[in-house]
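Taking it in order: structure first as structure tokens, then the write-up.
In what follows, every chain begins at residue 1, and chains take the letters A, B, ... in the order their sequences are listed.
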Protein chains: 2
Amino acid sequence: MGGSEIRRTMPLFPIGIVMQLADLSARQIRYYEEHELIAPARTEGNRRLFSLNDIDRLLEIKDLLEQGINMAGIKKILAVSQKEPAERDTVAKKPELTDDELRTLLKKEMLSPGKISRSSLRAGDLSRFFR
Amino acid sequence: MGGSEIRRTMPLFPIGIVMQLADLSARQIRYYEEHELIAPARTEGNRRLFSLNDIDRLLEIKDLLEQGINMAGIKKILAVSQKEPAERDTVAKKPELTDDELRTLLKKEMLSPGKISRSSLRAGDLSRFFR
DNA sequence: ATTTTGATGTAAGAAAACCTAACATGTTAT
DNA sequence: ATAACATGTTAGGTTTTCTTACATCAAAAT
């Protein structure tokens, strides 16, 4: 656990800025939250505050969506990519999609034109904006 | 001119976040702007938006203030630290403080207890928050 | 060929966050 | 004692964001 990681999770950006950075509408961002793909922090006054990680995540969501994957599928995929490498193999629990369903999804992705297995995460890493 | 510099100047943070990051009150931040020590961007609706550079600058201001330097002095000092190394020597124009005044200021700084010449810029570099 | 579903747009009303301007307060310097 | 400086506080107004609800449009299912 590399201490300095805390910073990428620091809630910093209001939705207006995130809209610009990720090129998404407020509606889209809130919809993804509604479907539990992201869970931005909130101010005392209930305004959303996004971290750098949140924004990276939104870019991944955007990417996966463009590949024709739906909320459920994206949720599943992000859930895996979220785990620490250690857990990643061990924890294969609580699938909200049956294996059958996931297989169908992935098959669909395979058949989609263009980019194949380049959904290898870090789709649009926000770190390009800094330093 | 290293191209990627653009990003540190990107207006991203509303004043509420900056208050936390720099540990300054809104009043203080606006006061420094009033005295032209910073010039944050504005949204279409006139809300201030600060860049990483702006926040670094605020931390420098805070540091200099704690050393007993006033607005005019800080403005002068930051003006110098702002220049690119190339210009820095060439451009010694339009001092809004006389040389006498500046000398007095710097003498005062020298005599202040504690930290001496550690005002060597990059006082509280914000980059520590990222990566 | 309809009907459903999934993702997004849009509108309305309320509340939070921010804005400027003005006056108040506590130091430090003259 | 007065003046200058940095900051606090209050007031009234505007922008941004919030939730909720309904509308739209394409793709999938029937």
Side-chain angles (χ1 to χ4, degrees), chain A residues 11-50 54 58 60-76 96-97 101 104-105 107-109 111-113, chain B residues 11-50 54 58 60-76 96-97 101 104-105 107-109 111-113:
Chain A
L12 292 174
F13 309 99
I15 200 171
I17 294 295
V18 177
M19 289 171 61
Q20 295 178 199
L21 290 179
D23 190 39
L24 291 169
S25 70
R27 182 66 167 97
Q28 289 175 303
I29 296 171
R30 297 191 189 115
Y31 184 72
Y32 306 153
E33 181 183 19
E34 195 180 332
H35 287 264
E36 302 178 280
L37 302 188
I38 44 169
R42 298 278 183 145
T43 66
E44 281 193 5
N46 201 38
R47 267 82 236 274
R48 271 167 267 252
L49 276 188
F50 299 78
D54 287 332
L58 283 172
E60 290 183 31
I61 293 170
K62 189 182 181 184
D63 190 58
L64 293 172
L65 256 168
E66 281 165 3
Q67 295 175 52
I69 306 177
N70 66 7
M71 296 295 110
I74 295 177
K75 187 174 180 181
K76 194 86 193 288
E96 295 181 10
L97 250 56
E101 290 169 324
T104 307
L105 270 169
K107 191 193 300 180
K108 192 179 295 179
E109 182 183 0
L111 296 179
S112 85
Chain B
L12 293 175
F13 309 98
I15 200 170
I17 293 295
V18 176
M19 289 170 63
Q20 297 179 198
L21 290 180
D23 190 39
L24 290 169
S25 71
R27 182 65 166 97
Q28 289 175 302
I29 296 171
R30 296 190 189 115
Y31 185 71
Y32 305 154
E33 180 182 19
E34 195 180 331
H35 286 264
E36 304 180 280
L37 302 188
I38 44 169
R42 299 278 183 144
T43 65
E44 283 192 4
N46 200 38
R47 267 82 235 274
R48 270 168 269 254
L49 276 189
F50 298 78
D54 288 331
L58 283 173
E60 291 184 30
I61 292 170
K62 190 183 180 184
D63 191 58
L64 294 171
L65 256 169
E66 281 165 3
Q67 295 176 50
I69 306 177
N70 67 6
M71 295 296 108
I74 296 178
K75 186 175 179 180
K76 193 88 193 287
E96 295 182 7
L97 250 56
E101 289 169 324
T104 306
L105 271 168
K107 191 193 300 178
K108 192 178 296 179
E109 181 183 2
L111 297 178
S112 86

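For B:N70, the listed nucleotide lying nearest its side chain is D:dA6; candidates were D:dA6, D:dT7, D:dT16. Across D:dC18, D:dT14, D:dT17, the shortest atom-to-atom separation from the side chain of B:R47 is found for D:dT14. Between C:dG9, D:dA6, C:dC18, one nucleotide has an atom nearer to the side chain of B:M71 than all others, and that is D:dA6. Closest contact between the side chain of A:S25 and the listed nucleotides D:dT7, C:dG9, C:dA17 involves C:dG9.
Side-chain contact between A:R48 and A:R30 is present, with at least one heavy-atom pair separated by less than 4.5 Å. With a 4.5 Å cut-off on side-chain heavy atoms, A:L21 and A:L58 do not count as touching. Considering only heavy atoms from C-beta on, A:H35 stays 4.5 Å or farther from A:K75 through its side chain.
Of the side-chain N and O atoms in A:R27, none sit less than 4.0 angstrom from OP1 or OP2 of D:dA23. For C:dT8, the OP1/OP2 oxygens have no side-chain nitrogen or oxygen of A:Y31 closer than 4.0 Å. Listed pair B:T43 / D:dT16 meets the phosphate criterion, a side-chain N or O lying under 4.0 Å from OP1 or OP2.
C:dA17 atom C1' lies 11 Å from atom CG of A:L49, rounded to whole Å. With rounding to whole Å, B:I61 atom CD1 is found 16 Å from D:dC5 atom C1'. Between A:R42 atom CZ and C:dA16 atom P the separation is 13 Å, expressed in whole Å. Regarding B:H35, its NE2 atom lies at a distance of 11 Å from the C1' atom of D:dT7, rounded to whole Å.
Residue contacts shown for A:R30 include a base, since a base heavy atom lies under 4.0 Å away.
In terms of heavy atoms, A:I38 sits closest to A:I29 at CD1-O, 3.8 Å.
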